[in-house]
Amino acid sequence: MAPAATAPVLVPAVSIEKAPAGLTEAIATPPPSMSTPATLPVAETLGQASSSSSSSSSSSSSSPSPSSPSSLSSPSPSSLSHTSPSSQALPPPSPPSRPPLPSPSLPPAALPRSPFSKPTPTSSVSPVSAATATATPSPQYNTRHLGLRLAADAASGFTAASIVAPIIAIIDRSIMENASGANTLAGSLRSSFATLFRHPQQILLGKPFFLICMLYGGTYFTANAVDTASSTAHNRPASHVTAGAAKFAASSATNIGICIYKDQVFVRMFGPPGAIPRPVPLPSYLLFALRDCMTIFASFNIPPRLGPFLNERFGMGDAAATNALLRGISGQTVAQFAAPALTQFFSTPVHLLGLDLYNRAWQQAGAANGSGPATWSDRFAAVRKNWFVSSVARIGRIVPAFGVGGVVNMKMRKTLMTRLE
């Protein structure tokens with residue numbers, strides 16, 4: 001008799017069937033902190049074993065013979081593919097989530113410095129001194145090449161004066177001789193220009209030439225020096241040009257002071273023939289000063305203000321202008337010639353009255369032999385007689401003096417100052 005077959009002892013089927021459903025789920029669903037690849041096959045095996053055990057128990061209960069070979073055989077493929085409902089509800093495994101890192105609680109100043117950031121320079125100035133320096137900034141001056149700029153001012157002024165001095169000296173002499181009766185205006189001009197062409201050294205080395213050079217050279221230099229002082233004090237470019245009261249006052253004081261001395265010498269040199277030179281009266285000095293103030297204002301203060309208006313009104317100096325003449329001439333150049341010239345129609349009567357006060361002294365009323373007038377009407381009549389011709393002559397004098405000379409001084413100074421900038 002063959003020995004009875006003994007079933008292998010694996011897991012009691014009844015105990016697995018009677019196990020709580022939560023145990024299978026707990027075993028089949030690992031916690032997130034555990035490693036899922038190692039526990040997932042074990043859970044699936046346990047689930048398959050539970051299903052095969054239940055199927056075998058049901059077959060053994062239906063079969064009367066416990067020693068049936070079919071009950072001891074391995075489970076069928078259909079039984080292996082069949083899983084419990086708890087195993088079918090398992091979600092797909094997800095990768096373990098990493099807990100977030102704690103944010104630093106240090107203040108920004110305590111964070112470590114980045115190796116790629118540039119170090120900020122530290123200043124040893126205290127906050128109080130920095131605030132004081134911001135509130136009261138120190139003045140800045142444009143003192144660059146100040147000595148050379150003053151030399152350029154002098155070179156520009158005296159170069160322009162030496163160019164126009166021969167013509168001005170000849171015209172001044174003709175006006176003086178015509179007013180005193182020593183010669184006519186045309187005769188004096190004709191003889192002086194003949195001397196300039198035949199014997200130029202007599203004009204260029206004479207006293208009138210040096211007086212004119214000193215007069216207009218000093219006036220140009222003073223006006224240029226005021227511009228340099230203004231650019232230095234206000235930190236402007238070296239070629240900066242002003243048109244204020246300071247420039248008018250300084251250039252007028254220089255021009256009046258030197259011109260009064262020049263007129264005193266000219267009156268004595270070209271006064272009435274045979275007359276003994278006498279001191280110039282105070283009213284003549286005052287009239288000469290008023291004449292020069294009018295000319296200086298028209299020569300240095302009006303052109304910087306009138307020039308931009310002419311450029312805007314007539315398109316002078318504009319490269320887009322249709323007229324070639326307007327493109328080549330700037331408004332300030334036109335104003336530099338026109339303003340001093342037109343002013344002579346108003347300043348010439350003042351000049352003639354001052355000359356008449358010197359040439360014809362006051363005569364006592366009822367004097368027996370006297371050549372001078374006794375009333376203001378006689379003097380005004382003499383002024384009206386010589387006004388137009390003397391105005392034209394002074395225009396011919398002023399155009400070289402403050403027209404040609406002013407333009408030469410302006411352009412030469414601008415060229416030199418631009419190089420020094």
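The model shown is predicted, which means the values in this text are computed figures rather than measured ones. Along the sequence shown, residues are numbered consecutively beginning with 1.
- By the 4.5 Å heavy-atom criterion applied to side chains, T295 and F346 are not counted as neighbours.
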Going through the checks in order, is the side-chain contact (heavy atoms from CB on, under 4.5 Å) test met by Q264 and Y358?
-> CA-CA 10 Å; Q264 179 183 358; Y358 175 81; over 6 Å; no

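- Residues D172 and P208 fail the side-chain proximity criterion, which asks for heavy atoms closer than 4.5 Å.
- Side-chain contact check for V241 versus M410: every heavy-atom pair is 4.5 Å or farther apart.
- Closest of all the heavy-atom pairs between L420 and R144 is O-NH1, 3.0 Å.
- Between the CG atom in L282 and the CG atom in L286 there is a gap of 4.5 Å [rounded to 0.5 Å].
- The side chain to side chain donor-acceptor pair (under 3.5 Å) with T222 is formed by just one residue from the set N255, T254, D153; it is T254.
- Nearest heavy-atom pair across I398 and A341 is CG2-N, 4.3 Å.
- Between S162 and F158 there is no side-chain heavy-atom pair separated by less than 4.5 Å.
- A heavy-atom distance below 4.5 Å is found between the side chains of D263 and M176.
- Separation of atoms CD1 (I256) and OG (S251) is listed at 9.0 Å; rounding is to 0.5 Å.
- Legend: ring-ring contact (aromatic ring centres under 6.0 Å, His included) pairs involving residues 238-267, not counting sequence neighbours, sorted by first then second residue: F248-F297, F266-F270.
- Using a 4.5 Å cut-off on side-chain heavy atoms (C-beta onward), T418 and K414 make contact.
- Contact record, L352 with V383: CD1-O, 3.9 Å, taken as the closest heavy-atom pair.
- With rounding to the nearest 0.5 Å, the separation of OG in S347 from CG in L342 is 11.0 Å.
- Side-chain atoms of S192 and R173, non-hydrogen and from C-beta on, do get closer than 4.5 Å to each other.
- E177 and S188 share a side-chain donor-acceptor pair at under 3.5 Å.
- A 4.5 Å side-chain heavy-atom check between N409 and Y216 finds every atom pair outside the cut-off.
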Yes or no on side-chain contact (heavy atoms from CB on, under 4.5 Å) for S231 and R149, after CA distance, side-chain angles and deciding distance?
-> CA-CA 11 Å; S231 63; R149 286 156 59 188; 2.9 Å; yes

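- The CG atom of L196 lies 6.0 Å from the CD1 atom of I167; values are rounded to the nearest 0.5 Å.
- Side-chain atoms of R413 and T228 include a donor-acceptor pair closer than 3.5 Å.
- Residue pairs satisfying the ring-ring contact (aromatic ring centres under 6.0 Å, His included) criterion with at least one member in residues 181-208, sequence neighbours excluded, are absent.
- In this structure, OG1 in T343 is found 5.5 Å from CD1 in I302, a value given to the nearest 0.5 Å.
- Defined by atom type and a distance below 3.5 Å, a donor-acceptor pair is present between the side-chain atoms of T242 and D227.
- A salt bridge does not link D292 with K262: none of the charged nitrogens is closer than 4.0 Å to a carboxylate oxygen.
- Interatomic distance, R198 CZ to I203 CD1, rounded to the nearest 0.5 Å: 12.5 Å.
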